[in-house]
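Heads up, the thing below is written out as structure tokens.
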There are 2 protein chains.
Amino acid sequence: MSLRLPRRASNGRKDATRLALLEAALNVFGEKGYHGAAVDDIVDRAGRSKGAAYFHFPSKAAIFRALVRELANQLVNSIQRKMDDVDSPAERLDAALLGLIDVFVRHRALARIVLIEVAGAGRAFSDDLIFVRRQFADLIERELDRAVEIGAIPPCDTHLIATAWFGALNEVAVHWLHDPDAGSLHASYPSLRQLLLQSVGFSPAEVDRVPLHA
Amino acid sequence: MSLRLPRRASNGRKDATRLALLEAALNVFGEKGYHGAAVDDIVDRAGRSKGAAYFHFPSKAAIFRALVRELANQLVNSIQRKMDDVDSPAERLDAALLGLIDVFVRHRALARIVLIEVAGAGRAFSDDLIFVRRQFADLIERELDRAVEIGAIPPCDTHLIATAWFGALNEVAVHWLHDPDAGSLHASYPSLRQLLLQSVGFSPAEVDRVPLHA
DNA sequence: ATCAACAAACCGACTGGTCAGTCGGTTTTT
DNA sequence: AAAAACCGACTGACCAGTCGGTTTGTTGAT
């Protein structure tokens, strides 16, 4: 699980260390949670030293923050790209849902951090929490706005609905993270898809039309 | 904010102390989060001593666990009661939604703990997390099943949908908790209500019919 | 009713472990 | 030779949990 983390061009020893630290942080935070993870854990896993860590980041919180924002950006970009592969709002929303599920399934540590740890790390991180959630919600909101514009769905509170949608996926994913054996996340996709599309008033024809590129 | 916490009959000095501790825990955990709160904080706020705390509970984690389960039980019962005041599935689901919003608005510390802290406290508490979430979801699921049974909505994956619904409300509430000035939670109720009822295929007539007992 | 004797409930100073962050020193790069 | 990057032993603060001791409540014998 190497993961995509090269926000800044990753050449030179400095960047390599920064990357190694962030990648270790991803795994350690993902496994033990923010409070359960010690900086020494991250440092050890990265094969670096505490000095290196505090050369690159001013604090443990800063490591976490950098990681979260990096992950969120990469994730949002990746989803955006998948959405741009298709045209109609219904298809694009569908692509967003399936894309998120795919990533979560493939990178559980990422899912844990973005979906659970940011929320639970404490009030000091609530700005980061909102930042991440808002990014995802905006992705959805824009598409809903477009659907309203072209008359695919009736006008509605797209901001609220985007938030609610993300919450719905979030909750399902949290249960899955807790007990992955209780059923794959992909298995929830068809029901979730129908639920979401139907909730904003896409016509039944449209709800059924979009192919399930599973 | 005295709050409803008399699970076991609250008479005698012993029970009074237990209650005082739990109520203090509610406020302290609600303000500082699980990891940010020290047992001494709770003890001080309760006007008791550390000895008393460890006489009643074997550990800090046990205090948290007892509090969470107590809150969840009370909350679920209270919502169930509100649901039983009306008859049709749509009305009952509506009552559940509004009831939850009401309680969260009135008791932010409770909302913070049930919606955020349990999830963020760490993997050691994931059983409690699931316990709480499942209780709420079951409340919804039962009603959805009934709606399917009487033909008010088409058959669907009620288990998944109940989970998703709770997630939707959860997410909206989390944003509200982060910035209560951005808009009251009650203001989101009409849109949320329509979104949820419509998502499972209640007829438009039914969606509009139910009075908004705001 | 009175009072020992006992237990239940409570107190708070103390301890031991953990861990974020520091800093003098070393290696690598420019 | 100067600066950038890195090393890892150390420290100081914090805090969950302990424990000897005190107070409050209960029992039951006289």
Side-chain angles (χ1 to χ4, degrees), chain A residues 6 8-68 117 120-125 128, chain B residues 5-6 8-29 31-68 117 120-125 128:
Chain A
R8 40 193 70 175
S10 59
N11 33 20
R13 184 166 64 129
K14 181 177 181 180
D15 295 317
T17 294
R18 199 191 122 94
L19 253 203
L21 286 169
L22 281 179
E23 192 164 327
L26 169 66
N27 292 311
V28 174
F29 282 139
E31 282 166 23
K32 312 175 86 168
Y34 179 74
H35 293 286
V39 173
D40 284 314
D41 294 337
I42 297 170
V43 157
D44 289 349
R45 170 101 46 132
R48 297 304 203 279
S49 74
K50 224 167 181 182
Y54 281 90
F55 176 79
H56 284 280
F57 304 95
S59 66
K60 178 186 177 184
I63 300 175
F64 185 67
R65 242 185 277 273
L67 175 66
V68 165
E117 284 307 319
R123 283 176 116 138
F125 297 94
D128 305 272
Chain B
L5 277 173
R8 43 192 66 175
S10 59
N11 32 20
R13 184 164 66 128
K14 179 176 181 181
D15 295 316
T17 294
R18 199 190 124 94
L19 253 204
L21 286 169
L22 281 180
E23 192 165 327
L26 168 66
N27 292 310
V28 173
F29 283 139
E31 281 167 24
K32 313 175 81 166
Y34 178 74
H35 292 286
V39 173
D40 284 311
D41 295 337
I42 297 170
V43 157
D44 289 348
R45 171 97 49 129
R48 299 302 204 278
S49 74
K50 223 165 180 183
Y54 280 91
F55 176 79
H56 285 280
F57 304 96
S59 66
K60 179 186 175 182
I63 299 176
F64 186 68
R65 242 185 278 271
L67 175 65
V68 165
E117 284 308 319
R123 285 178 115 136
F125 297 94
D128 305 88

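All values below were derived from every heavy atom in this structure, side-chain atoms included, with hydrogens, water molecules and symmetry-related copies excluded. Order of the sequence lines sets the chain letters (A, B, ...), proteins ahead of strands, with each chain counted from 1.
Within the 3.5 Å criterion, the main-chain N or O of B:Ala38 finds a donor-acceptor partner in the side chain of B:Asp41.
Distance CZ (B:Phe55) to C1' (D:dT24): 12 Å, rounded to an integer number of Å. Residue A:Phe64 contributes atom CZ, which lies 19 Å from atom C1' of C:dG21 at whole-angstrom precision. The CD1-P distance, from A:Ile42 to C:dA20, rounds to 8 Å in whole Å. When the C1' atom of D:dC6 is taken as reference, atom CZ of A:Arg18 falls 16 Å away, rounded to whole Å. The interatomic distance linking A:Asp41 (CG) with C:dC19 (P) rounds to 7 Å, in whole Å. Per the geometry, CD1 belonging to A:Ile63 stands 15 Å off P belonging to C:dC19, to the nearest Å.
For B:Ala37, the side-chain contact (heavy atoms from CB on, under 4.5 Å) test picks out B:Val28, B:Phe29, B:Lys32, with sequence neighbours left out. Among residues two or more places apart in sequence or in another chain, the side-chain contact (heavy atoms from CB on, under 4.5 Å) test is passed with B:Ala52 by B:Thr17, B:Arg48, B:Ser49. For B:Lys50, the side chain to side chain donor-acceptor pair (under 3.5 Å) partners are B:Asp40, not counting sequence neighbours. Every residue meeting the side-chain contact (heavy atoms from CB on, under 4.5 Å) condition with A:Ala62, not counting sequence neighbours, appears here in chain and number order: A:Phe57, A:Pro58, A:Ser59.
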message = I'd like to compare against my own output: the B/S/- annotation of nucleotides 8-19 of chain D with a strict under-4.0 Å heavy-atom distance to protein.
response = B-------BBB-

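Taking only side-chain nitrogens and oxygens, B:Thr17 never comes nearer than 4.0 Å to OP1 or OP2 of C:dA9.
For residues 54-68 of chain A, the salt bridge (Lys or Arg N to Asp or Glu O under 4.0 Å) pairs, not counting sequence neighbours, are A:Arg65-A:Asp128.
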